[in-house]
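To start, the structure under review is shown below, and the notes come after it.
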Amino acid sequence: MIPDINYLAVIAATLSSMVVGSIWYTPKVFGNYWMRAANVTPSGKASDAVRPIVITVIVSFITAWVLAGAAFISWDFYGGSFFVNTLVTALILWAGFTAARFITHDAFDGRPTGLTVLNVAHELVTIVIMAIIIGVWPA
């Protein structure tokens, strides 16, 4: 079985992750704390942000695409509401892969707990918004 995927929803979900990240990590929200906790000093040059932004767009597209495919498989198997299946799938994937891996790596890297919580929470918000977009806009 090949999942039916709405690529417009995947693109919208990809873009939503950029919006969430832009708000989340702005200095007036969590950006100042993140820079201190992660020991990041901005160079002040916009060109230094190009590579990380391109990587983020690519990775966000992959995340949205995998979520859309996994949600379709879940919905096809369990039936019911596509929207609910998408949200549940997103939460399970976030907890089992994203949160679990962040927590493990940050523990071994000796990162501050607050930084781990901040980044894991950001990923949760990002995944939930992606799930909402994909869930209301099935293939």
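No experiment lies behind these values; they were computed from the predicted model shown.
- The closest side-chain heavy-atom distance from H105 to T116 is not below 4.5 Å.
- Between N119 and W34, some side-chain heavy-atom pair lies under the 4.5 Å cut-off.
- Residues T63 and I127 form a side-chain contact, since some pair of their non-hydrogen atoms from C-beta on lies under 4.5 Å apart.
- Contact check for N32 versus M35: side-chain heavy atoms found under the 4.5 Å cut-off.
- In this structure, D48 places its CG atom where more than 12 heavy-atom neighbours from other residues, nucleotides or ligands lie under 6.0 Å away.
- Checking side-chain atoms of W75 against main-chain N and O of S81 turns up no donor-acceptor pair under 3.5 Å.
- Between the side chain of W94 and the backbone N or O of T126 there is no donor-acceptor pair closer than 3.5 Å.
- The closest donor-acceptor contact from the side chain of S17 to the backbone of T14 lies under 3.5 Å.
- Atom OG1 of T86 and atom CH2 of W137 lie 14.0 Å apart (nearest 0.5 Å).
- Here the side chains of L67 and T89 are in contact, with some heavy-atom distance below 4.5 Å.
- Taking 4.5 Å as the limit, some side-chain heavy atom of I132 sits within range of a side-chain heavy atom of L87.
- Under the 4.5 Å side-chain criterion, counting only non-hydrogen atoms from C-beta, D106 is not in contact with T113.
- Counting heavy atoms from C-beta on, the side chains of I5 and W65 come closer than 4.5 Å.
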